Q: 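Quick one: the structure is below, questions incoming.
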Amino acid sequence: MYLNSIFKSLSRFSYVKKNFSYENLQDVEIITRDYWGSLRNILKSFSNHKINLTDIEPLKLSRTHKGQNIVVKLTFEKVEDKKYNELIYDLQQRYDQVLINNDMSVPSVPWYPRTDEDLKTIGTIMEVNEENNSDHPQFKDTEYRKRREEIAKLSQAHLVGEPVPYINYTEQEEQTWKKIYTILREKVNHVMSQRYLNNLVKIENALGFKYKIPQLRDIDAYLRAETGFRIKATHGILSQREFLNALGHRVFCCTQYIRHHSTPEYTPEPDIVHELVGHVPLFADKEVADLSQEIGILSCGAKKQDLSRLGTLYWFTLEFGAYKENGLIKGYGAGIASSIGECDHFPKAKYEKFDPFIHADRSYPIQTVQPTYMYTESFDEAMQSLIIFGKSLQKPFGLYYDFIDKELKSTRRIKTHLNDQ
């Protein structure tokens with residue numbers, strides 16, 4: 001495959017994924033009688049020793065004629081040996097069974113990026129199915145492919161936190177942007193939600209969308225100021241895991257090339273029109289940005305099946321989602337806003353009430369317009385339903401994003417593996 005051969009030549013920009021385990025956390029399991037105040041008394045021991053807990057999991061054990069026992073699994077931040085030994089001694093004096101750092105019970109989960117340094121591994125594998133688009137000029141025009149490769153090399157070299165490479169777009173590329181943007185700008189007024197349109201107007205005024213292809217460097221600065229989202233320039237379609245994992249860090253992986261000039265109304269793969277007209281106005285909205293990060297965090301360390309379900313829900317919401325606005329169903333998904341075909345199809349399409357527990361396993365077309373759009377009564381409803389779905393996923397640990405350290409931190413001890421990447 002031509003594009004894949006291009007990106008193999010970019011290996012000098014690649015970073016190796018390395019498994020990790022959380023060495024800054026410690027575990028203890030306590031078995032005690034279940035009585036009023038039993039958990040409170042355990043927590044008091046940690047409070048007395050001024051030790052911060054990150055996770056608490058109480059479980060009932062089998063009940064016997066001697067009474068009801070419980071096991072309390074506690075994870076806490078690693079402390080100096082003296083304080084740790086004092087805590088353990090205290091617990092052992094109070095409780096008959098105290099199990100320390102049971103490494104046999106540490107779960108192994110798929111690798112995910114914890115820090116900005118880990119995000120450097122993004123894009124080492126290009127995923128695009130060219131066979132489905134072999135007749136499209138975007139894959140046949142040698143001059144276009146040469147230009148595509150030139151931009152891809154610049155994008156692939158970009159690292160999160162560094163200035164996004166500047167692209168000197170050609171006159172033909174600028175004309176392609178103006179043509180498609182003019183058409184889309186008129187169409188989105190009729191099908192997209194006011195939430196989307198308000199953000200689009202703000203970006204137009206700030207960055208001049210109407211007149212030229214915006215530079216991702218300027219988009220990056222704009223999003224950082226609005227919602228804290230950041231841009232990672234990339235060479236093309238990433239794996240589902242990589243794209244979603246990056247969202248957990250409030251990072252949007254974005255292409256810089258533009259579609260073929262002969263078919264500005266359609267592109268077989270995401271390009272800068274899709275990214276900027278579709279996604280950027282959403283990432284400039286704080287609630288949408290928060291929801292995107294929440295989906296991203298849920299994807300980190302998720303099993304392959306759960307990852308696929310999260311990707312499907314992302315498709316039915318942030319790519320092609322809709323909700324009622326003043327009694328009318330309006331779109332907010334990026335795939336609608338950035339496609340002439342979707343904009344034309346949306347008013348006469350079928351609509352189905354969104355239910356993540358049903359639609360997480362629903363298949364969908366990629367190369368044609370969506371036959372059905374999922375909608376909610378409000379955007380808040382979409383957010384809440386996804387949060388509820390996320391809580392139902394059986395992940396053996398919790399994650400939260402530390403905005404000071406720019407790091408995803410686990411609430412429990414885990415280790416990672418590099419399968420299912």
Side-chain angles (χ1 to χ4, degrees), residues 2-3 6 126 128 130 132-156 158 164-192 196 200-201 203-220 222 231 233-237 252-283 319 333-346 366-369:
Y2 182 83
L3 278 177
I6 289 175
M126 173 74 170
V128 57
E130 294 184 39
N132 292 339
N133 307 283
S134 57
D135 293 331
H136 194 277
Q138 201 148 306
F139 296 97
K140 293 176 63 177
D141 186 334
T142 55
E143 284 301 311
Y144 177 85
R145 297 298 285 268
K146 182 179 179 181
R147 173 63 171 164
R148 169 83 168 74
E149 176 184 354
E150 177 186 320
I151 295 175
K153 287 182 177 180
L154 290 172
S155 301
Q156 175 73 343
H158 176 240
V164 182
Y166 182 89
I167 304 297
N168 186 21
Y169 290 104
T170 66
E171 180 60 29
Q172 185 176 70
E173 289 166 339
E174 293 286 1
Q175 290 301 318
T176 300
W177 169 270
K178 289 179 183 178
K179 181 176 181 179
I180 187 64
Y181 189 81
T182 300
I183 297 171
L184 284 173
R185 189 61 182 86
E186 189 276 330
K187 290 183 179 296
V188 295
N189 283 331
H190 303 291
V191 301
M192 297 302 289
Y196 168 89
L200 181 61
V201 170
I203 296 171
E204 284 179 332
N205 293 336
L207 301 177
F209 263 35
K210 300 178 182 178
Y211 312 108
K212 60 181 180 179
I213 304 175
Q215 293 291 331
L216 288 194
R217 186 176 300 185
D218 298 330
I219 297 293
D220 180 65
Y222 181 86
I231 293 290
T234 188
H235 50 281
I237 302 175
F252 172 45
C253 296
C254 187
T255 56
Q256 290 185 281
Y257 61 87
I258 194 166
R259 61 194 62 185
H260 197 277
H261 59 275
S262 67
T263 57
E265 71 284 351
Y266 173 72
T267 174
E269 56 179 341
D271 71 332
I272 198 166
V273 175
H274 172 73
E275 316 284 36
L276 302 193
V277 181
H279 284 290
V280 167
L282 299 177
F283 289 124
E319 283 289 354
I336 302 170
S338 61
S339 167
I340 293 174
E342 298 287 351
C343 282
D344 289 341
H345 178 65
F346 186 82
I366 296 176
Q367 298 297 332
T368 62
V369 294

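Model, not experiment: these values are computed from the prediction.
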Q: Quick check: closest heavy atoms across G278 and A334, and the distance to 0.1 Å?
A: C-CB, 3.3 Å

Q: How many angstroms lie between OG1 in T176 and CD1 in I180, if you round to the nearest 0.5 Å?
A: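 If I round to the nearest 0.5 Å, the distance is 9.5 Å.
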
Q: Filter on side chain to side chain donor-acceptor pair (under 3.5 Å), then keep only pairs touching residues 203-214, sequence neighbours left out; what's left?
A: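 Residue pairs with at least one partner in residues 203-214: Y181-E204, R185-E204.
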
Q: Give me the atom names and distance for the closest heavy-atom approach of Q367 to P268.
A: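 Closest approach of Q367 to P268: NE2-O, 4.1 Å.
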
Q: Run the numbers on Y169 and I272 for side chain to side chain contact (heavy atoms under 4.5 Å, CB included), then give the verdict.
A: CA-CA 12 Å; Y169 290 104; I272 198 166; 3.3 Å; yes

Q: Would you name the heavy atoms of C254 and I231 that are closest together and state the gap between them?
A: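 The answer is CB-CG2, 4.2 Å.
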
Q: Verify salt bridge (charged side-chain N to carboxylate O under 4.0 Å, His left out) between E149 and K153, making sure each step is shown before the conclusion.
A: CA-CA 6 Å; E149 176 184 354; K153 287 182 177 180; 3.3 Å; yes

Q: May I ask you to decide if A233's main-chain N or O and H158's side chain share a donor-acceptor pair within less than 3.5 Å?
A: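 Pair found, side chain donor or acceptor close to backbone of A233.
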
Q: With side chain to side chain contact (heavy atoms under 4.5 Å, CB included) as the test, would you mind laying out the steps for Q215 and V164 before giving the verdict?
A: CA-CA 8 Å; Q215 293 291 331; V164 182; over 6 Å; no

Q: Taking side chain as C-beta onward, heavy atoms only, is T255 less than 4.5 Å from S155?
A: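 The answer is no, as the side chains (C-beta and beyond) never meet within the 4.5 Å cut-off.
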
Q: Over all heavy atoms of both residues, which pair between E342 and I336 is shortest? Give the atoms and the distance, please.
A: CB-CA, 3.9 Å

Q: Between CZ of R148 and CG of D271, what distance do you get to the nearest 0.5 Å?
A: 9.5 Å

Q: Take L276 and L216 through the test side chain to side chain contact (heavy atoms under 4.5 Å, CB included) and record every step on the way to the result.
A: CA-CA 9 Å; L276 302 193; L216 288 194; 3.8 Å; yes

Q: According to the interplanar angle, ranging from 0 to 90°, do the rings of F283 and F252 count as parallel (below 30°), tilted (30 to 60°) or perpendicular (above 60°)?
A: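 F283 vs F252 ring planes: tilted.
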
Q: Counting C-beta onward and ignoring hydrogens, is there a side-chain heavy-atom pair between L184 and V273 closer than 4.5 Å?
A: yes

Q: Between E269 and Y257, is the side chain to side chain contact (heavy atoms under 4.5 Å, CB included) condition met? List the steps.
A: CA-CA 11 Å; E269 56 179 341; Y257 61 87; 3.4 Å; yes

Q: With a 4.5 Å limit on heavy-atom distance, are the side chains of I219 and F209 in contact?
A: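 Sidechains of F209 and I219: in contact.
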
Q: Give, for atom CD of E173 and atom CD of Q256, the distance between the pair rounded to the nearest 0.5 Å.
A: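 Rounded to the nearest 0.5 Å, the CD-CD separation comes out at 11.0 Å.
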
Q: How close do A337 and M192 get, heavy atom to heavy atom, and via which atoms?
A: CB-CE, 3.6 Å

Q: For a 4.5 angstrom cut-off between non-hydrogen side-chain atoms, does T267 reach H260?
A: no

Q: Should R259 and T263 count as side-chain neighbours, where that means a heavy-atom distance under 4.5 Å?
A: no

Q: D218: which residues meet the salt bridge (charged side-chain N to carboxylate O under 4.0 Å, His left out) condition with it, sequence neighbours left out?
A: none

Q: Is the closest side-chain heavy-atom distance between H274 and E319 below 4.5 Å?
A: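 In short, these two side chains touch, coming nearer than 4.5 Å.
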
Q: In chain order, what residues pass the salt bridge (charged side-chain N to carboxylate O under 4.0 Å, His left out) check against E150, with sequence neighbours excluded?
A: R147

Q: At what distance, to the nearest 0.5 angstrom, does NE2 of H279 lie from OG of S338?
A: 7.0 Å

Q: Which heavy atom of C253 sits nearest a heavy atom of E275, and at what distance?
A: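 Where C253 meets E275 most closely, the heavy atoms are O-OE2, 4.1 Å.
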
Q: What distance separates I151 CD1 from I167 CD1, expressed to the nearest 0.5 Å?
A: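 Interatomic distance, I151 CD1 to I167 CD1, rounded to 0.5 Å: 5.5 Å.
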
